[in-house]
Amino acid sequence: MRGTKRIFNFVSLFAISMILFSCHFFLSFTEVEENVVSSVEFDKNSLELSVGSMDIINVSVSSTQGQNKETVTWSYDENIISATADNYSIVITGLRAGTTIIKASCGDKSAQSALTVVSEGETIKIENPYVYVSSDYVSIAPGDTEKVFASIYGGTQGDKNGFTFTSDKPGIASCYVEGNYCWITGKTEGLAKITCKHSTGKCGCGIY
């Protein structure tokens, strides 16, 4: 009986040891890599709607894990519009005539869209239109490329062309431009400032 009990204890301890080892073994293979957001993009660069009407802007978030698991945060002028938003879209209702920038942020990436709310049958004239860029900060590795776009806040559809993007340090980041889109390619490690301008003379904020 004693011999049998010792064997049973040995087998039990061995089984417990294997379970503990197995747990450690499987845990080491199920570690979740950090999810890094690579881009945030809207399906509409600008939008105009009437007071009382509704529209939607969809947001697309790309990350290192494919499907975004981070929370998208939104900002806008609550006096101009009311909105219901989640990680995929924002449903907008015009409250009163005016203009606002809708911004969606996720991680260190963001997207912006210019919104104009007008009274029924009226059009708002922007006194001082200016250039804005979809992202005010871009972090890319050497060899990688990030796409951004520019629009004129208070401009017209005809203002889509005529944008230029220039880098103050082309050896760190270069620019390729088509219309109002710019592809920024990282060259070497460092900090560069990308400035966006329009042929009308309007200047946008820099991208770092």
Side-chain angles (χ1 to χ4, degrees), residues 38-50 53 55-62 74-77 80-81 90 92 94 97-106 108-119 121-188 190-208:
S38 55
S39 67
V40 178
E41 296 183 352
F42 282 149
D43 64 343
K44 298 173 184 176
N45 299 349
S46 60
L47 183 65
E48 180 177 303
L49 72 161
S50 301
S53 63
D55 209 327
I56 185 171
I57 297 177
N58 297 307
V59 63
S60 175
V61 178
S62 300
W74 300 82
S75 64
Y76 50 86
D77 189 337
I80 304 295
I81 62 170
I90 181 170
I92 306 155
T99 58
T100 182
I101 292 289
I102 297 176
K103 182 176 181 179
S105 302
C106 189
D108 63 350
K109 305 295 182 182
S110 63
Q112 300 182 61
S113 181
L115 172 67
T116 301
V117 179
V118 299
S119 299
E122 295 183 0
T123 302
I124 290 181
K125 179 177 176 59
I126 308 299
E127 295 295 333
N128 295 299
Y130 64 89
V131 170
Y132 76 94
V133 183
S134 58
S135 297
D136 47 24
Y137 181 86
V138 174
S139 178
I140 52 178
D144 290 347
T145 299
E146 183 82 16
K147 182 179 72 173
V148 298
F149 67 84
S151 291
I152 293 187
Y153 186 47
T156 65
Q157 186 65 25
D159 295 323
K160 184 175 181 179
N161 296 313
F163 288 96
T164 60
F165 290 79
T166 55
S167 172
D168 67 336
K169 297 176 182 176
I172 294 178
S174 64
C175 300
Y176 173 75
V177 182
E178 278 189 11
N180 63 330
Y181 287 91
C182 175
W183 284 262
I184 304 172
T185 301
K187 297 297 184 180
T188 60
L191 183 67
K193 180 180 180 181
I194 310 297
T195 302
C196 175
K197 292 184 178 181
H198 193 264
S199 57
T200 58
K202 304 298 181 182
C203 181
C205 58
I207 306 170
Y208 296 89

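Note that these values count all heavy atoms, side chains included, but never hydrogens, waters or copies made by symmetry. Computed from a prediction, not measured in an experiment: that's the story for all the values here.
Listed for the Asp168 side chain is a donor-acceptor partner under 3.5 Å among the backbone atoms of Lys193. In terms of modelled atom types and a separation under 3.5 Å, the side chain of Thr100 and the main chain of Asp77 share a donor-acceptor contact. Looking only at distances, a side-chain donor or acceptor of Lys44 sits under 3.5 Å from a matching main-chain atom of Ile56. With hydrogens and angles ignored, the 3.5 Å screen pairs no side-chain donor or acceptor of Thr116 with any backbone N or O of Glu48.
With rounding to the nearest 0.5 angstrom, the CD atom of Glu41 is 5.0 Å from the OG atom of Ser39. A distance of 6.0 Å separates CZ in Phe42 from OG in Ser113, rounded to the nearest 0.5 Å. The distance from atom CZ of Phe165 to atom SG of Cys175, rounded to the nearest 0.5 Å, is 7.5 Å. Here the CD-CD1 distance, from Glu146 to Ile194, works out to 12.0 Å after rounding to the nearest 0.5 Å. Put simply, CD on Gln112 and OG on Ser105 are 8.0 Å apart, with the number rounded to the nearest 0.5 Å. For the atom pair Lys187 NZ and Ile140 CD1, the distance stands at 9.5 Å (nearest 0.5 Å).
Using a 4.5 Å heavy-atom threshold, the side chains of Trp74 and Val59 count as touching. Side-chain contact check for Leu47 versus Ile92: some heavy-atom pair is nearer than 4.5 Å. Residues Val117 and Ile81 meet the side-chain proximity criterion, which asks for heavy atoms closer than 4.5 Å. By the 4.5 Å heavy-atom criterion applied to side chains, Tyr76 and Lys103 are not counted as neighbours. Between Ile101 and Leu115, the closest side-chain pair of non-hydrogen atoms is not below 4.5 Å.
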- Task: I would like to know whether Cys182 and Val148 meet side chain to side chain contact (heavy atoms under 4.5 Å, CB included); could you show each step before the answer?
- Result: CA-CA 5 Å; Cys182 175; Val148 298; 4.0 Å; yes

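Heavy-atom minimum distance, Thr188 versus Gly171: OG1-O, 3.2 Å. Taking all atoms of both residues into account, the shortest heavy-atom contact from Cys106 to Val40 is CB-CG2, 3.9 Å. Gly98 and Ile80 make their closest contact through CA-CD1, 3.8 Å (heavy atoms, listed as atom of the first residue, atom of the second, distance). For the pair Lys109 and Ser38, the tightest heavy-atom approach, listed with the atom from each and the gap, is CE-O, 3.4 Å.
Judged by distance alone, the side chains of Thr145 and Thr185 do bring a donor and an acceptor atom under 3.5 Å apart.
By the 30° and 60° cut-offs, the orientation of the rings of Phe163 relative to His198 is perpendicular.
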